[in-house]
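What's counted below: heavy atoms across the whole structure, side chains too, no hydrogens, waters or symmetry copies.
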Amino acid sequence: MKLYNKHRKVELIIDQELLEKIGKTGIDHFPNEFGGFLIGKYSDDYKTLFITDYILPKSYKGSRYLFERSSKGMKSFFSKLFKKKKEFYVGEWHTHPNGSTGFSDIDLNAMINIEASPSVNIKNPVLLILSISEKQLNQATFYIYDNKKLIPYE
């Protein structure tokens, strides 16, 4: 799947099979929200982001309308990942059970805090929101964070 963000004039590429795998992971936690970290790498000109994998947080709180993950222990993981595969943290994903793929104020504030975090070295993290039902992935929307805004890829 290849998506384009007109605002930033950048592409995002993710394998459909990987997207479905992320959706299945979210469905396994239905009816609660669930999520994790997105892993990827950029093209040499930084115009294309390749989402290559996802990982789950080591600890989290999930309820029907809220997902909070911890980043505890992840710094070491991401450091090893970069040394081994030259891939790194590129953003977040979470589900909205029986909901839309629209982002909430909580989602936006989380991305503002992530971008401002001294331990995160990317200025435009990606947010993936998956609309799921009990048995299927309904829709997925990727957003790019830019200057306190979340702008969808198309």
Side-chain angles (χ1 to χ4, degrees), residues 1-16 18-23 25-27 29-30 32-57 59-72 74-75 77-79 81-82 86-133 137-154:
M1 173 186 291
K2 187 176 190 178
L3 302 168
Y4 187 71
N5 183 282
K6 292 177 187 173
H7 173 75
R8 297 278 306 168
K9 298 180 182 168
V10 291
E11 291 180 332
L12 182 149
I13 295 176
I14 184 170
D15 187 84
Q16 184 67 30
L18 175 59
L19 184 60
E20 290 171 11
K21 189 175 171 186
I22 296 170
T25 300
I27 291 167
H29 291 81
F30 186 91
N32 293 331
E33 288 196 9
F34 189 69
F37 306 91
L38 294 172
I39 294 171
K41 59 186 176 185
Y42 290 92
S43 60
D44 290 341
D45 63 2
Y46 294 97
K47 295 283 186 186
T48 304
L49 170 61
F50 300 91
I51 304 289
T52 57
D53 206 352
Y54 72 104
I55 58 169
L56 305 179
S59 65
Y60 65 91
K61 294 178 189 172
S63 69
R64 178 70 181 86
Y65 299 105
L66 184 68
F67 174 76
E68 291 180 4
R69 56 106 181 126
S70 169
S71 61
K72 192 174 183 178
M74 300 312 297
K75 185 175 181 179
F77 172 85
F78 285 119
S79 179
L81 178 72
F82 184 74
K86 302 294 183 207
E87 295 178 356
F88 45 88
Y89 167 85
V90 295
E92 304 281 323
W93 71 273
H94 72 269
T95 60
H96 285 172
N98 288 333
S100 76
T101 60
F103 65 88
S104 67
D105 288 343
I106 293 171
D107 296 330
L108 177 59
N109 286 330
M111 296 305 284
I112 289 170
N113 290 334
I114 288 167
E115 188 274 335
S117 171
S119 63
V120 176
N121 294 324
I122 56 173
K123 292 294 174 195
N124 301 106
V126 171
L127 173 64
L128 166 62
I129 297 178
L130 303 153
S131 167
I132 60 166
S133 60
L137 170 61
N138 300 322
Q139 187 178 0
T141 301
F142 282 92
Y143 297 90
I144 189 168
Y145 175 83
D146 187 30
N147 196 23
K148 299 187 182 344
K149 294 180 184 171
L150 285 169
I151 304 156
Y153 282 85
E154 297 175 2

Determine whether [X] and [Y] make a side-chain contact, defined as any pair of heavy atoms from C-beta on separated by less than 4.5 Å.
| X | Y | result |
| --- | --- | --- |
| Leu38 | Ile22 | yes |
| Phe67 | Asn32 | no |
| Val90 | Thr52 | no |
| Glu92 | Pro125 | no |
| Lys21 | Asp15 | no |
| Asn121 | Phe88 | no |

**Asked** When you check the side-chain N and O atoms of Tyr54 and Thr25, is any donor under 3.5 Å from an acceptor?
**Response**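 The answer is yes; a qualifying pair exists.
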
For the residue pair [X] and [Y], what are the closest heavy atoms and their distance?
| X | Y | result |
| --- | --- | --- |
| Val126 | Leu49 | CG2-CD2, 3.3 Å |
| Pro57 | Gly36 | CD-CA, 3.8 Å |
| Ser131 | Ser100 | CB-C, 4.2 Å |

**Request:** Apply side-chain contact (heavy atoms from CB on, under 4.5 Å) to the pair Leu127 and His94, showing each step before the final yes or no.
**Result:** CA-CA 8 Å; Leu127 173 64; His94 72 269; 4.0 Å; yes

Roughly how far, to the nearest 0.5 Å, is the [atom2] atom of [Y] from the [atom1] atom of [X]?
| X | Y | atom1 | atom2 | value |
| --- | --- | --- | --- | --- |
| Phe142 | Ile51 | CZ | CD1 | 5.5 Å |
| Tyr4 | Tyr153 | OH | OH | 10.5 Å |
| Ile132 | Glu33 | CD1 | CD | 9.0 Å |
| Met74 | Ser59 | CE | OG | 10.0 Å |
| Lys149 | Leu108 | NZ | CG | 10.5 Å |
| Lys41 | Glu87 | NZ | CD | 5.0 Å |

Check: [X] side chain, [Y] main-chain N or O, donor-acceptor pair, under 3.5 Å:
| X | Y | answer |
| --- | --- | --- |
| Arg64 | Pro97 | yes |
| Thr101 | Leu130 | no |
| Asn5 | Pro152 | yes |
| Ser117 | Ser119 | yes |

**Message:** Does Leu66, at its CG atom, have more than 12 non-hydrogen atoms belonging to other residues, nucleotides or ligands within less than 6.0 Å?
**Reply:**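 Yes.
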
**CG/Asn113: more than 12 non-hydrogen atoms of other groups inside 6.0 Å** =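 It does: Asn113 CG has more than 12 such atoms within range.
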
**Message:** On the six-membered ring of Phe82, is Lys86 placed so that its NZ or CZ lies under 6.0 angstrom from the centre and within 45° of the ring axis?
**Reply:**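 The answer is yes; both the distance and angle limits are met.
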
**Message:** Run the side-chain contact (heavy atoms from CB on, under 4.5 Å) test on Leu19 and Leu128 for me, step by step, so that the C-alpha distance in whole Å, both residues' side-chain angles and the decisive distance to 0.1 Å come before the verdict.
**Reply:** CA-CA 10 Å; Leu19 184 60; Leu128 166 62; 3.9 Å; yes

Donor-acceptor contacts, no H, no angles, side chain residues 6-13, under 3.5 Å, sequence neighbours left out:
unit_1, atom_1, unit_2, atom_2, d
Lys6, NZ, Glu154, OE1, 3.4
His7, NE2, Asp146, OD2, 2.9
Arg8, NH2, Asn124, OD1, 3.2
Glu11, OE1, Thr48, OG1, 3.2
Glu11, OE2, Lys2, NZ, 3.4

**Asked** Phe34 vs His29 aromatic rings, parallel, tilted or perpendicular, using cut-offs 30° and 60°?
**Response**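 Rings of Phe34 and His29: parallel, as their planes differ by under 30°.
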
**Partners meeting salt bridge (Lys or Arg N to Asp or Glu O under 4.0 Å) with Lys72 (sequence neighbours left out)** =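 Not a single residue meets the salt bridge (Lys or Arg N to Asp or Glu O under 4.0 Å) criterion with Lys72.
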
**Prompt:** Should Phe37 and Phe78 be marked as a ring pair (Phe, Tyr, Trp, His ring centres under 6.0 Å) after you check the CA-CA gap, both sets of side-chain angles, and the distance that decides it?
**Reply:** CA-CA 10 Å; Phe37 306 91; Phe78 285 119; 5.7 Å; yes

